[in-house]
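Some notes on the structure that comes next.
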Amino acid sequence: MFAGPAYAQQATGVPGSSGATTTGDACRREICDSAVAGCMRADLSLNPLASTEREKKGYCDQFFPGCMGRYITPDLPWYSPEMAARFLKCPS
């Protein structure tokens with residue numbers, strides 16, 4: 001898990017800021033897509049919000065907008081420290 005703040009946020013990146021670049025968005029999209037894929041691979045059978053495949057897809061898909069909004073919570077296994085480090089290197 002992460003050592004440090006409860007979320008990773010780019011120094012200049014405030015959710016909803018207008019300074020995003022196409023390159024930065026593509027970089028974040030790739031990382032956020034991998035976070036959703038990691039969630040889909042996780043065993044969530046004990047999670048009442050993701051007990052069926054359909055519920056699991058809905059549950060995992062919810063992490064994409066948060067990730068794109070530059071909010072990464074450290075208490076989920078599909079957000080690795082390496083992923084957060086890559087995310088912070090995306091252009092603004």
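Computed from heavy atoms alone, side chains included, the values below leave out hydrogens, waters and symmetry copies.
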Measuring only between side-chain heavy atoms, which start at C-beta, is [X] closer than 4.5 Å to [Y]?
{"X": "C67", "Y": "V36", "answer": "no"}
{"X": "W78", "Y": "M40", "answer": "no"}
{"X": "Y79", "Y": "F87", "answer": "no"}

(message) Please determine whether residues L76 and L49 belong to a single hydrophobic cluster, defined as Ile, Leu, Val, Met, Phe, Trp and Tyr linked transitively by side-chain heavy-atom distances below 4.5 Å.
(response)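 Yes; L49 is reachable from L76 via cluster members.
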(message) Would L44 and C39 count as a side-chain contact (heavy atoms from CB on, under 4.5 Å) here? Give the steps.
(response) CA-CA 8 Å; L44 300 176; C39 177; 3.9 Å; yes
Which pair of non-hydrogen atoms, one from [X] and one from [Y], has the smallest distance, and what is that distance?
{"X": "T23", "Y": "P91", "result": "CG2-CG, 3.9 Å"}
{"X": "M68", "Y": "R28", "result": "SD-C, 3.7 Å"}
{"X": "G24", "Y": "C90", "result": "O-CB, 4.3 Å"}

(request) Look only at the side chain of K56 and the backbone of A42, and say whether a donor-acceptor pair between them is shorter than 3.5 Å. (result)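 Present.
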(message) Quick check against the 3.5 Å criterion: does Q62 have a side-chain atom that pairs as donor or acceptor with the backbone of Y59?
(response)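 Side chain of Q62 to backbone of Y59: a pair is present.
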(request) Step by step, work out the salt bridge (Lys or Arg N to Asp or Glu O under 4.0 Å) result for D33 and R29. (result) CA-CA 6 Å; D33 281 342; R29 183 174 307 282; 5.7 Å; no
